[in-house]
Amino acid sequence: GDTKAALMHWTKALELRPVFAEANFMIGEELLKKQLVEKSIPFYERALEQAQGQLVYFLRLGVANVRGQRYDRAREVFTDALKRYPDNANLYFLLGYAGRAEGRYDEAVANFKQTLRLQPDNPDALSNLGYIASQRGDNVEAEALLKRAIQLDPKSFPSHHDLGRLFVKLKRYDEALPLLTRGAELNAKDPGVHYQLFLTYSRLKRKDEADRELAEFKRLDEVNRHSATPLGAGMQKDGET
């Protein structure tokens with residue numbers, strides 16, 4: 001396929017020119033695309049070294065380490081990058097994302113707030129802050145943050161899912177249903193949203209729909225059990241990434 005052809009092209013380029021940051025970077029991109037996270041990381045590392053600190057190489061190396069759950073290295077990469085690019089919202093967002101993934105919520109909140117300092121209407125930072133507030137039981141704050149995130153980005157799956165899940169927790173099932181239904185439209189392959197729909201339909205005494213959602217949850221949970229978690233939400237489309 002295209003990935004195989006691209007890998008052959010860039011590998012050949014490296015044979016002809018061993019110190020070639022772009023070739024290393026592109027091989028890393030192709031490997032990460034195929035979810036070969038561990039194999040991609042050394043190529044990103046070489047690209048960053050050879051390019052002497054280009055921003056996009058910092059970003060993608062950090063993302064690969066987050067995808068590989070190598071959070072200490074990811075944090076190191078993003079922190080080093082901030083020394084060169086101290087006002088880059090993407091770097092703060094990714095530091096926040098890594099902190100959230102590890103459950104280091106104080107650290108995550110601080111970095112998401114730094115993202116908002118630079119980009120006050122960043123819906124993904126607001127969504128992540130809403131998720132953390134929900135996890136901490138700050139339900140009023142979580143609701144406000146997630147509603148604001150949806151207002152700014154009506155196509156945000158995480159915001160719909162997390163606000164719907166919050167309403168399920170609060171037993172506000174009639175309000176949860178449209179949010180979760182929209183979430184399933186935005187990302188039909190996520191098992192979690194189908195599980196929340198199962199709970200909602202069950203509480204609303206809609207058995208046939210509850211059974212359908214439970215079956216879909218079980219099917220997708222098995223399919224996705226060993227899949228890598230994508231990372232990209234919150235990255236601004238400004239040409240940097």
Quick one: pull up [atom1] in [X] and [atom2] in [Y] and give me the separation to the nearest 0.5 Å.
X    : Y    : atom1 : atom2 : value
K171 : R203 : NZ    : CZ    : 8.5 Å
M26  : H9   : CE    : NE2   : 8.5 Å
L95  : R104 : CG    : CZ    : 10.0 Å
R60  : N65  : CZ    : CG    : 12.0 Å
Q54  : L59  : CD    : CG    : 10.0 Å
L180 : L186 : CG    : CG    : 11.5 Å

Examine [X] and [Y] and state if one hydrophobic cluster contains both, with Ile, Leu, Val, Met, Phe, Trp and Tyr joined whenever side-chain heavy atoms are less than 4.5 Å apart.
X    : Y    : result
L199 : L179 : no
L146 : L129 : no
L166 : V109 : no
V193 : Y131 : no
L197 : L220 : no

Ionic contact status for [Y] with [X], cut-off 4.0 Å:
X    : Y    : result
E30  : K39  : no
K218 : D221 : no
D153 : R148 : no
E143 : R172 : yes
R46  : E49  : no
E141 : R136 : no

Considering non-hydrogen atoms only, spot the tightest contact between [X] and [Y] and give its length.
X    : Y    : result
A142 : G130 : CB-O, 3.4 Å
T115 : A89  : OG1-O, 3.7 Å
W10  : A23  : CE3-CA, 3.5 Å
N122 : Q119 : ND2-OE1, 2.9 Å
F217 : P191 : CD1-O, 3.2 Å
A13  : F20  : CB-CE1, 3.9 Å

TODO: Assert yes or no for the condition that the ring centre distance of Y173 to F167 is strictly below 6.0 Å.
DONE: no

Open item on the list: In this structure, is the centre-to-centre distance between the rings of F25 and Y44 below 6.0 Å?
Closed with: yes

Task: Chi angles and distances behind the side-chain contact (heavy atoms from CB on, under 4.5 Å) call for D174, L204 - done: CA-CA 8 Å; D174 288 325; L204 293 172; 3.4 Å; yes

Open item on the list: Determine whether K189 and E216 satisfy the following criterion, salt bridge (charged side-chain N to carboxylate O under 4.0 Å, His left out), listing intermediate values before the conclusion.
Closed with: CA-CA 9 Å; K189 295 182 180 181; E216 185 65 359; over 6 Å; no

Please say whether more than 12 non-hydrogen atoms of neighbouring residues, nucleotides or ligands are located less than 6.0 Å from [atom1] in [X].
X    : atom1 : answer
K34  : NZ    : no
Y195 : OH    : no
E15  : CD    : yes

Do [X] and [Y] make a side-chain contact, defined as non-hydrogen atoms from C-beta onward lying under 4.5 Å apart?
X    : Y    : answer
I150 : L163 : yes
L118 : D87  : yes
L32  : L36  : no
L14  : I27  : yes
Y92  : L82  : yes
F93  : N128 : yes
R67  : Q35  : yes
I41  : R70  : yes

Backbone N/O of [Y] and side chain of [X]: donor-acceptor pair under 3.5 Å:
X    : Y    : answer
N111 : E107 : yes
S127 : P123 : no
T11  : L7   : yes
T79  : E76  : no

Open item on the list: Can you confirm whether the side chains of H194 and E213 place a donor and an acceptor under 3.5 Å from each other?
Closed with: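 Per modelled atom types, H194 and E213 side chains form a pair under 3.5 Å.
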
Open item on the list: Among R206, R212, K207, which residue satisfies the side-chain hydrogen bond (donor to acceptor under 3.5 Å, both in side chains) criterion with E209?
Closed with: R206

Task: Stacked cation flag R84 on F58, 6.0 angstrom / 45 deg - done: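 Judged by the rule (NZ or CZ under 6.0 Å from the ring centre, within 45° of its axis), R84 is not positioned above F58.
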
